[in-house]
Amino acid sequence: MNEPVTPGPSGWVPLPDVSEKLGVTISKVHQLIREGSLLAVRRDGIRVVPAELVANATVLKHLPGVLTLLHDAGYNDEEALGWLYEPDETLGGNAAIALGGDRAREAKRRAQALGF
């Protein structure tokens, strides 16, 4: 079975490395994923997180809210990943990049509009 290919992330961070980067246990990383506060997908058989989503040793501030909005709109994790990395120059490249900068509110507003 081929896994979907989504363009965009600058790199993938395996969960043990996410744990180390965030300074939390691997159990806490799994909890963040279960709660929808962090997005992880399978690539080459292992769960990984897009590098931009764990910038500066924290989960991006608006990411949990955006993921909740996307899941409420019926998006699964792969579809949410696709939405976050869909090219959009008005957001500085894509929504994932916007969430780490001054366009975070606009990205969140657009995710909210998907539910209507």
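Heavy atoms only: backbone and side chains are in, while hydrogens, waters and symmetry mates are out.
- Formation of a donor-acceptor pair under 3.5 Å by the Glu86 side chain with backbone atoms of Trp83 is not found in this model.
- For His30, the side chain to side chain contact (heavy atoms under 4.5 Å, CB included) partners two or more places apart in sequence, or in a different chain, are Leu15, Ile26, Arg34, Arg47.
- Taking Arg103 as the reference, nothing meets the side chain to side chain donor-acceptor pair (under 3.5 Å) condition, with sequence neighbours excluded.
- One finds the CD1 atom of Ile46 at 11.0 Å from the CH2 atom of Trp12 (value rounded to the nearest 0.5 Å).
- Under the side chain to side chain contact (heavy atoms under 4.5 Å, CB included) criterion, Lys21 pairs with Val54, not counting sequence neighbours.
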List the steps, then state whether side-chain contact (heavy atoms from CB on, under 4.5 Å) holds for Leu99 with His62. CA-CA 6 Å; Leu99 290 175; His62 297 283; 3.7 Å; yes
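- Checked against side chain to side chain donor-acceptor pair (under 3.5 Å), Asp88 has the following partners two or more places apart in sequence or in another chain: Thr90, Arg110.
- A donor-acceptor distance shorter than 3.5 angstrom exists from the side chain of Ser19 to the backbone of Val24, with no hydrogens or angles considered.
- One distance of note links CG of Leu38 with CG of Leu53; it measures 7.0 Å at 0.5 Å rounding.
- Under the 4.5 Å side-chain heavy-atom criterion for Ile, Leu, Val, Met, Phe, Trp and Tyr, Leu81 and Val29 are members of the same hydrophobic cluster.
- Taking Arg109 as the reference, Glu106 meet the side chain to side chain donor-acceptor pair (under 3.5 Å) condition, with sequence neighbours excluded.
- In this structure, the side chain to side chain contact (heavy atoms under 4.5 Å, CB included) partners of Ser27, at least two apart in sequence or on a different chain, are Thr25.
- Note: Ile97 CD1 to Tyr85 OH = 7.5 Å, rounded to the nearest 0.5 Å.
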Do Lys28 and Glu20 pass the salt bridge (Lys or Arg N to Asp or Glu O under 4.0 Å) test, and can you show the C-alpha distance, the side-chain angles, and the key distance before you say yes or no? CA-CA 11 Å; Lys28 179 65 175 175; Glu20 185 176 314; over 6 Å; no
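- Under the rule for a side chain to side chain donor-acceptor pair (under 3.5 Å), the partners of Glu35 that lie at least two apart in sequence or sit in another chain are Gln31.
- Residues meeting the side chain to side chain contact (heavy atoms under 4.5 Å, CB included) test with Thr58, sequence neighbours left out: none.
- For residues 63-73, the pairs satisfying side-chain hydrogen bond (donor to acceptor under 3.5 Å, both in side chains) are His71-Asp77, with sequence neighbours left out.
- Hydrophobic clustering (ILVMFWY, side-chain heavy atoms < 4.5 Å, transitive): Leu69 and Tyr75 are in distinct clusters.
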